[in-house]
Amino acid sequence: MQLMTLVKKEFHQEIRAKESVISMTVFSVAVILLFSFAFNAAPAEFNKFLPGLIWMTFLFVSVIGLLRSFSAEKEMDAYSALLSSPVDRGSIYLGKLIAFWIFLLLAQGLTIPLFVLFLNFKISGEWYVFILLMMLTDWAISGVGIMISGMGLRTRMGEVLVPVLLFPLLSPVIIAATKSTSAIAMGLPLSKFNFWIMILITFSVVFSLVGYLTFGAISEE
Amino acid sequence: MTYLTYNKNKILLFATLIIMFVNLWTIIYLAPMIPDQEWAQRIFYYHVPLAWNAFLGYFGVMIFSITYLISRNTKWDVLAQAAAEVGTIFCLLILITGPIWAKPIWGKAWTWEPRLTTTLILFLLFIGYFMIREFGGPYERSSRYAAVIGILASIDIPIIYYAVDFWSPQVQSHPQRDMGGHASAVMQVFYFSLFTFTLIFVNMMRYRSHVRKMELLKLEEENV
């Protein structure tokens with residue numbers, strides 16, 4: 001119940017301010033545009049790099065979103081109000097996590113067609129497998145991301161700290177997502193990339209749990 | 001009160017210095033030549049103990065961070081920071097000594113081999129750890145943040161290792177995996193070196209946590 005209220009609060013904020021999803025989408029469009037200029041020289045080779053580029057884009061996009069995710073709390077000092085309300089700190093974390101996860105998925109849903117249209121991204125396998133992969137990977141990114149941005153944005157240099165901490169922590173996620181995307185794009189069966197799905201599931205479960213348990217320590221004044 | 005005011009520390013430091021020279025002597029004169037590697041192999045007596053020390057440091061960070069978050073006793077935070085600093089110095093030394101060995105033996109200084117990649121990522125993570133200590137705001141808060149990052153990093157390391165291992169299975173594997181095959185003379189020198197480096201580690205941990213404790217005391221006095 002509490003959790004639903006917290007998620008709803010995030011949605012209200014997003015609908016009013018329209019900060020996260022739009023800034024994330026616009027940023028990815030800009031990146032796609034640059035990619036198509038930068039890699040124009042070798043269109044034949046380009047498809048091999050595309051899964052990696054897609055996840056690099058989404059990683060940068062998630063940083064943009066994460067930097068916004070605590071901004072309202074920071075500017076209006078709504079964070080203190082949120083913390084003084086009788087909700088469990090772990091639920092605040094989960095609420096933020098679920099909301100950000102949905103925003104990230106929305107932004108990606110708007111961006112993926114552009115990858116298909118401008119950069120010729122093709123999937124020989126089933127699309128729904130790729131969507132499931134996106135959902136899983138985004139959960140992993142959001143789980144760590146919300147924790148890091150919860151810390152980073154209450155420090156000096158938060159804008160630098162978030163990517164500096166996030167990128168190395170997420171390296172296994174990006175490897176796994178890239179490998180799985182290549183496999184799905186080539187139409188390989190699940191047995192060829194189930195190891196990567198296991199990595200993603202392990203990562204998501206472990207880090208959401210750690211986030212749930214340690215968010216109390218992060219959000220204290 | 002300086003670190004060397006205590007007799008215990010003086011004796012420990014002195015003993016370690018002597019053992020370090022003995023260690024150097026055994027590595028140069030006692031260790032047998034390995035036929036196809038010649039002198040390049042000697043770095044093994046440094047490189048592996050360095051990695052051991054880095055591991056000790058980072059393992060310490062995980063344990064001390066968890067105990068700090070539970071107990072909120074500054075003592076553990078001091079130890080966690082000391083362990084992180086010492087661990088990172090050794091981590092940097094691994095990253096320097098590794099390529100020195102790899103250049104003549106593998107023919108190139110760096111490959112994206114799992115252990116190398118994991119060490120590099122670990123090093124980057126701990127740069128972030130020190131940044132959050134530096135910019136995290138008041139002492140109470142930044143040490144809590146650092147503890148969380150310490151825990152996150154130590155959980156992430158095995159996942160990173162397996163991911164990278166599977167990512168590039170064709171890359172030449174690290175030599176340490178078949179270490180048991182070496183002659184016993186090699187192993188004796190190696191274990192002595194490992195012991196020496198562990199002593200150095202203990203010295204550094206004690207010194208660093210002593211200095212940190214003094215800094216915190218001074219900070220408290222200023223606040224009173």
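Bear in mind the structure is a predicted one, so any value in this text is a computation, not a measurement. Keep in mind that the numbers below use all heavy atoms, side chains included, and drop hydrogens, waters and symmetry copies.
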**Asked** Heavy-atom distance under 4.5 Å to chain B: side chain of A:V173, backbone, both or neither?
**Response** neither
**Prompt:** So which of B:L152, B:I132, B:L122 has the biggest tally of heavy-atom pairs under 4.5 Å with chain A?
**Reply:** B:L152
**Complete:** Value for CZ (B:R141) from CZ (A:R154), rounded to nearest 0.5 Å, stands at 5.0 Å
**Prompt:** Looking only at heavy atoms, which two atoms of B:E134 and A:R156 are closest? And how far apart?
**Reply:** O-NH2, 3.7 Å
**Complete:** The interface call for A:L161 against chain B, heavy-atom contacts under 4.5 Å, is side chain
**Request:** Can you establish whether the number of heavy atoms outside B:Y207 located under 6.0 Å from its atom OH is more than 12?
**Result:** no
**Asked** Taking everything shown except A:M198 itself, do over 12 heavy atoms lie less than 6.0 Å from its CE?
**Response** no
**Request:** Using non-hydrogen atoms and a 4.5 Å limit, figure out which bit of A:F203 sits close to chain B: side chain, backbone, both or neither.
**Result:** both
**Message:** Let me confirm one number: the CG-CD1 distance from A:L169 to B:I121, rounded to the nearest 0.5 Å.
**Reply:** 10.0 Å
**Prompt:** Got a second to check how far A:I175's CD1 is from B:I160's CD1, nearest 0.5 Å?
**Reply:** 8.0 Å
**Message:** Looking at A:M4, I'd like to know if its CE atom is crowded, meaning that more than 12 non-hydrogen atoms belonging to other residues, nucleotides or ligands lie closer than 6.0 Å.
**Reply:** no
**Request:** With a 4.5 angstrom heavy-atom cut-off, could you sort out which part of A:M151 is near chain B: side chain, backbone, both or neither?
**Result:** both
**Request:** Grab the two heavy atoms, one from B:Y162 and one from A:F195, that are nearest each other, plus how far apart they are.
**Result:** O-CZ, 3.8 Å
**Item:** OG1-CD1 distance between A:T202 and B:I155, expressed to the nearest 0.5 angstrom
**Value:** 12.5 Å
**Request:** Kindly indicate, with the supporting measurements, whether the criterion side-chain contact (heavy atoms from CB on, under 4.5 Å) is fulfilled by A:F207 and B:D156.
**Result:** CA-CA 9 Å; A:F207 280 91; B:D156 210 17; 3.7 Å; yes
**Toward chain B, the part of A:A217 with a non-hydrogen atom under 4.5 Å** = both
**Item:** chain B contact via A:F167 - which portion, at a heavy-atom distance below 4.5 Å
**Value:** neither
**Asked** Taking all non-hydrogen atoms of both residues, which atom of A:V164 and which atom of B:G128 are closest, and how far apart?
**Response** CG1-CA, 4.1 Å
**Item:** Proximal component of A:L165, with respect to chain B [non-hydrogen, under 4.5 Å]
**Value:** both
**Item:** NZ/B:K213: more than 12 non-hydrogen atoms of other groups inside 6.0 Å
**Value:** no
**Prompt:** Near B:Y139 OH, under 6.0 Å, is it more than 12 heavy atoms from other residues, nucleotides or ligands?
**Reply:** yes
